[in-house]
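Structure first, then comments.
Counting begins at 1 with the first residue of the sequence.
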Amino acid sequence: MMDHFEQVEKLREKANVTYDEAKEALEKCHWDLLDAMVYLERQGKVKGPQTENYTTQKASSNDEANTQQTDAPKNTATFGDICNRFLRWCGQIIQKGNINFLEAHKDGRLVLSLPVTAVVLLLLLIFPVCLVLIVIGLFCGYHFSFRGPHLGRKDVNNTMEKASATVDQLKQEIQQKQEASRQNQPNDLH
């Protein structure tokens with residue numbers, strides 16, 4: 001079953017309407033794609049299905065030429081249309097990144113909350129530094145999670161929690177090995 005975002009994207013693609021128009025139509029039609037398409041048709045935002053005429057009469061050579069011309073696929077998307085769609089898509093991605101957050105917690109207290117858009121930009125610009133800071137943060141007891149409508153799901157945060165638990169376990173093993181090596185060393189009190 002599709003989630004609401006996938007339904008909006010599918011309707012937006014099929015009806016060639018904006019994200020907001022598709023979402024509004026789906027909300028008004030209780031997330032039924034077919035009803036939402038009919039709703040958009042009634043508002044004049046989508047053209048109804050094109051009907052074709054069929055006949056039992058033999059077509060003249062002139063009619064056949066006209067039929068072949070009209071049946072040819074119409075690729076009317078201009079470069080500007082493609083650019084507009086791409087920019088709309090980028091805007092939607094940035095919007096999602098701005099309403100979802102990466103949070104850092106220590107001892108159950110929120111220490112840092114950054115929009116995912118900022119996190120992605122930091123990763124793109126200074127990936128090695130970010131990676132080192134995240135690893136150091138995990139070893140210092142920080143736990144990372146996502147909050148928001150798209151990334152704040154249990155499965156995503158469970159994965160983040162498993163990574164934190166793995167680092168905590170590794171840290172305990174290192175501490176145990178250090179303690180064992182200290183106990184095995186002879187005491188030099190000379």
Can you hop from Phe146 to Ile93 via hydrophobic side chains spaced under 4.5 Å? no

Given the rule in the side-chain contact (heavy atoms from CB on, under 4.5 Å) test, do Tyr19 and Arg88 qualify, once you have shown the distances and angles that lead to the verdict? CA-CA 9 Å; Tyr19 181 86; Arg88 248 191 332 262; over 6 Å; no

Would you check if Asn16 and Val46 make a side-chain contact, meaning some heavy-atom pair closer than 4.5 Å? no

Lys45 meets the side-chain hydrogen bond (donor to acceptor under 3.5 Å, both in side chains) criterion, sequence neighbours left out, with Gln43

Could you please spell out the steps behind the side-chain contact (heavy atoms from CB on, under 4.5 Å) verdict for Lys96 and Asn100? CA-CA 6 Å; Lys96 286 179 191 176; Asn100 291 283; 4.3 Å; yes

Would you sort out whether Lys10 and Glu13 count as a salt bridge (Lys or Arg N to Asp or Glu O under 4.0 Å), showing the intermediate values? CA-CA 5 Å; Lys10 186 168 189 134; Glu13 179 182 310; over 6 Å; no

Distance from Glu27 atom CD to His4 atom NE2, nearest 0.5 Å? 8.5 Å

At their closest point, which heavy atom of Met160 faces which heavy atom of Ser145, and how far apart are they? CE-N, 4.2 Å

Which value, rounded to the nearest 0.5 Å, describes the distance between Glu21 atom CD and Leu26 atom CG? 12.0 Å

Taking atom types as modelled, is there a side-chain donor on Thr78 or Asp81 under 3.5 Å from an acceptor on the other? yes

Donor-acceptor pair, side chain of Lys28 and main chain of Tyr39, under 3.5 angstrom: no

Would you call the rings of His150 and Phe5 parallel, tilted or perpendicular if under 30° counts as parallel and over 60° as perpendicular? perpendicular

Derivation and outcome, side-chain contact (heavy atoms from CB on, under 4.5 Å), residues Leu102 and Ser113: CA-CA 6 Å; Leu102 175 68; Ser113 181; over 6 Å; no

Membership question, hydrophobic clusters at under 4.5 Å side-chain separation (ILVMFWY): are Leu138 and Leu133 in the same one? yes

Leu11 versus Ala22, closest heavy-atom pair with distance: CD2-O, 3.6 Å

About how many Å separate NZ of Lys154 and OG1 of Thr159, when rounded to the nearest 0.5 Å? 13.5 Å

Hey, are the side chains of Val8 and Trp31 touching, using non-hydrogen atoms and a 4.5 Å cut-off? yes

Could you tell me which residues satisfy salt bridge (Lys or Arg N to Asp or Glu O under 4.0 Å) with Arg85, sequence neighbours excluded, listed by chain and number? none

Would you please name every residue forming a salt bridge (Lys or Arg N to Asp or Glu O under 4.0 Å) with Asp107, sequence neighbours left out? none

Any side-chain heavy atom of Lys106 within less than 4.5 Å of one from His143? no

Can you find a pair of side-chain heavy atoms, one from Val116 and one from Phe101, that are under 4.5 Å apart? no

Tell me, which pairs form a side-chain hydrogen bond (donor to acceptor under 3.5 Å, both in side chains) where one or both residues lie in residues 125-142, sequence neighbours left out? none

Say whether Leu110 and Ile134 are linked into one hydrophobic cluster, either directly or through other cluster members, by side-chain heavy-atom distances under 4.5 angstrom. no

Please determine whether residues Leu123 and Leu112 belong to a single hydrophobic cluster, defined as Ile, Leu, Val, Met, Phe, Trp and Tyr linked transitively by side-chain heavy-atom distances below 4.5 Å. yes

Verify the cluster assignment for Val120 and Leu122: are they in a single hydrophobic cluster under the rule of side-chain heavy atoms below 4.5 Å apart? yes

So CG of Asn98 and OG1 of Thr117: to nearest 0.5 Å the spacing works out to 4.0 Å

Residues forming a side-chain hydrogen bond (donor to acceptor under 3.5 Å, both in side chains) with Asp32, sequence neighbours excluded: none

side-chain hydrogen bond (donor to acceptor under 3.5 Å, both in side chains) partners for Glu103, two or more places apart: His105, Arg147

dist Leu121:CG -> Leu114:CG (nearest 0.5 Å) comes out at 11.0 Å

Value for CG (Asn157) from CZ (Phe144), rounded to nearest 0.5 Å, stands at 13.0 Å

Does Lys171 NZ have over 12 foreign heavy atoms under 6.0 Å away? yes

Arg12/Glu9 ion pair, N-O < 4.0 Å: yes

